[in-house]
There are 2 protein chains.
Amino acid sequence: MAIDHLDGRIIVLLAREPRIGVLEMSRRLGVARGTVQARLDRLQSNGVIRGFGPEVDPAALGYPVTAFATLQIRQGQGADVRAHLATVPEVLELHTTTGTGDMMCRLVARSNADLQRVIDRVVGFDGIVRASTAIVMENPVPLRIIPLVEQAALGE
Amino acid sequence: MAIDHLDGRIIVLLAREPRIGVLEMSRRLGVARGTVQARLDRLQSNGVIRGFGPEVDPAALGYPVTAFATLQIRQGQGADVRAHLATVPEVLELHTTTGTGDMMCRLVARSNADLQRVIDRVVGFDGIVRASTAIVMENPVPLRIIPLVEQAALGE
DNA sequence: CGTTCACTGGGCAATGTGTTCAGCCGTACG
DNA sequence: CGTACGGCTGAACACATTGCCCAGTGAACG
């Protein structure tokens, strides 16, 4: 479960050039092919690398508006609300949290006007008491993992 | 930029079995290999598919705690704050938003105690007026794209 | 001192890739 | 009405890569 330096280099290399193969990686890293293969297998069975799914840009799909919604849930309705939100395609992500809200979700929509429809659909459910929404304007730091991997690979 | 049914099936198939090759995809989808290849090239140059980077689980890396922080920024300090947050490895994502806060970021930490250190580092910067943090407990809906792709591929 | 483990470097058959080609068929357009 | 175009098919080719196996080496550890 601990990540060493070589693991880190493999992940970073893979993140920068996803289409790269095991053989080319072994050349770049200066190790034997079998080593890279074994490390990759281990990283995947460890769960460190969950997969290699395509990163799809919702904006390019026609959903350029992103928003975060904080939801307050009626006591005991949590499971129902989770199930409800899971059926809404525009809900890309859902977390239960501590703090003022009970849940936090990431939404996308076709436009600001369409966002209203999405929010109506999200909150149009009995267990949800209140929703507060923040529309994303810019995304200065897109979801990233490389710096964290490098930190984990160095000092541990 | 519009996604048709075949594009949708390609993306979904790729999301479910990322290790699959072009040849195997063409067999499963019942189309010629060249077609799948051309579609994939188009989806990537369109920007619909951004890449195939490895999905790394921060928890498996030793960072099991996730939190969302809402930040209030002193007027005109936005650029400096962005640059500062970009240097913190535990900041996985940063957005500027409308609403009560000015920015919203996703953080990870080694423990709840460690989260204090991360937050101190995040807000220990001149331009940040206030931070409010919500710790993630559960993640009922992990970041997903398939339902949205299916919706985009059907009715458009 | 012996065992275990990870890495090396090599070899093998099987498979997939990148690329190109001609042919087919709708649709848009002159 | 005829033609040109774009997308799809099915096939071919050389080439690189994969998955898998093996024996040998060196370091860590009991």
Side-chain angles (χ1 to χ4, degrees), chain A residues 1-57 60-62 146 148-156, chain B residues 1-57 59-62 146 149-156:
Chain A
M1 183 147 158
I3 297 303
D4 77 357
H5 193 185
L6 181 56
D7 291 321
R9 291 206 298 155
I10 290 176
I11 295 175
V12 170
L13 187 54
L14 217 41
R16 277 201 242 276
E17 306 180 45
R19 275 328 226 183
I20 206 174
V22 178
L23 184 57
E24 179 63 19
M25 289 182 80
S26 71
R27 281 195 283 253
R28 303 258 192 109
L29 299 174
V31 298
R33 179 167 67 111
T35 305
V36 175
Q37 229 148 12
R39 293 298 188 112
L40 265 183
D41 289 347
R42 193 169 57 81
L43 286 172
Q44 292 198 60
S45 58
N46 272 351
V48 174
I49 296 182
R50 241 192 255 113
F52 294 87
E55 292 158 26
V56 177
D57 182 5
L61 236 54
I146 293 184
L148 195 69
V149 169
E150 282 170 341
Q151 173 166 298
L154 291 182
E156 157 59 34
Chain B
M1 183 147 157
I3 298 303
D4 78 356
H5 193 185
L6 180 56
D7 291 321
R9 290 206 298 156
I10 290 177
I11 295 176
V12 171
L13 187 53
L14 217 40
R16 278 201 242 273
E17 306 180 45
R19 276 329 225 183
I20 205 174
V22 178
L23 184 57
E24 179 62 20
M25 289 182 79
S26 71
R27 282 195 282 253
R28 304 259 192 109
L29 298 175
V31 297
R33 179 165 68 109
T35 305
V36 175
Q37 228 147 10
R39 294 298 189 112
L40 264 183
D41 289 346
R42 192 168 59 80
L43 288 172
Q44 292 198 58
S45 58
N46 271 352
V48 174
I49 296 182
R50 242 194 255 110
F52 295 87
E55 291 158 28
V56 177
D57 183 5
L61 235 53
I146 292 184
V149 169
E150 282 171 341
Q151 172 166 297
L154 290 182
E156 160 60 34

Requested in this report: Determine, stepwise, if the pair E17(B) / R28(B) fulfils side chain to side chain contact (heavy atoms under 4.5 Å, CB included).
Outcome: CA-CA 12 Å; E17(B) 306 180 45; R28(B) 304 259 192 109; 2.8 Å; yes
Query raised in the report: When you look at L148(A) and V56(B), which way does the side chain to side chain contact (heavy atoms under 4.5 Å, CB included) test go after all the steps?
Result: CA-CA 10 Å; L148(A) 195 69; V56(B) 177; over 6 Å; no
Report task. Please report the closest heavy-atom contact between L61(A) and A152(B), naming both atoms and the distance. Result -> CG-CB, 3.9 Å
Requested in this report: Please lay out, stage by stage, how L6(A) and V36(A) fare under the test side chain to side chain contact (heavy atoms under 4.5 Å, CB included).
Outcome: CA-CA 9 Å; L6(A) 181 56; V36(A) 175; over 6 Å; no
Requested in this report: Give R39(B) one of three labels, base, sugar-phosphate or nothing, depending on what nucleic acid heavy atoms sit under 4.0 Å from its own.
Outcome: sugar-phosphate
Query raised in the report: Nearest-Å distance, CG (L23(A)) to P (dG16(C))?
Result: 17 Å
Query raised in the report: Are any side-chain N or O atoms of E55(A) and backbone N or O atoms of G53(B), one a donor and one an acceptor, separated by less than 3.5 Å?
Result: yes
Query raised in the report: Looking across every strand, which nucleic acid part, if any, lies under 4.0 Å from R27(A) by heavy atom: base, sugar-phosphate, or nothing?
Result: sugar-phosphate
Query raised in the report: Touch check for E24(B), heavy atoms < 4.0 angstrom, all strands: base, sugar-phosphate only, or nothing?
Result: nothing
**Report entry** Interatomic distance where CD belongs to Q37(B) and C1' belongs to dT17(C) [whole Å]
**Finding:** 7 Å
Query raised in the report: Quick one: L40(B) CG to dG18(C) C1', roughly how many Å, whole number?
Result: 14 Å
Query raised in the report: What's the CG-P distance between L29(A) and dC7(C), to the nearest Å?
Result: 12 Å
Requested in this report: Name the first nucleotide and the last nucleotide along DNA chain D (5' to 3') that come under 4.0 Å of a heavy atom in chain B.
Outcome: dC8(D) to dA12(D)
Query raised in the report: Just how far, in rounded Å, is P of dG16(C) from CZ of R28(B)?
Result: 11 Å
**Report entry** Criterion side chain to side chain contact (heavy atoms under 4.5 Å, CB included) on L43(A) and I3(A), from CA distance to verdict
**Finding:** CA-CA 9 Å; L43(A) 286 172; I3(A) 297 303; 3.8 Å; yes
Query raised in the report: Does the dG16(C) base have a donor-acceptor partner in the side chain of R33(B) within less than 3.5 Å?
Result: no
Requested in this report: Map V22(B) and A38(A) onto DNA chain C by nearest heavy atom, then report which one ends up closer to the 5' terminus.
Outcome: A38(A)
Requested in this report: First locate atom CG of D7(B), then atom CZ of R39(B), and finally report the distance between them rounded to the nearest 0.5 Å.
Outcome: 4.5 Å
Query raised in the report: NA contact type, R19(A), heavy-atom cut-off 4.0 Å: base, sugar-phosphate, or nothing?
Result: nothing
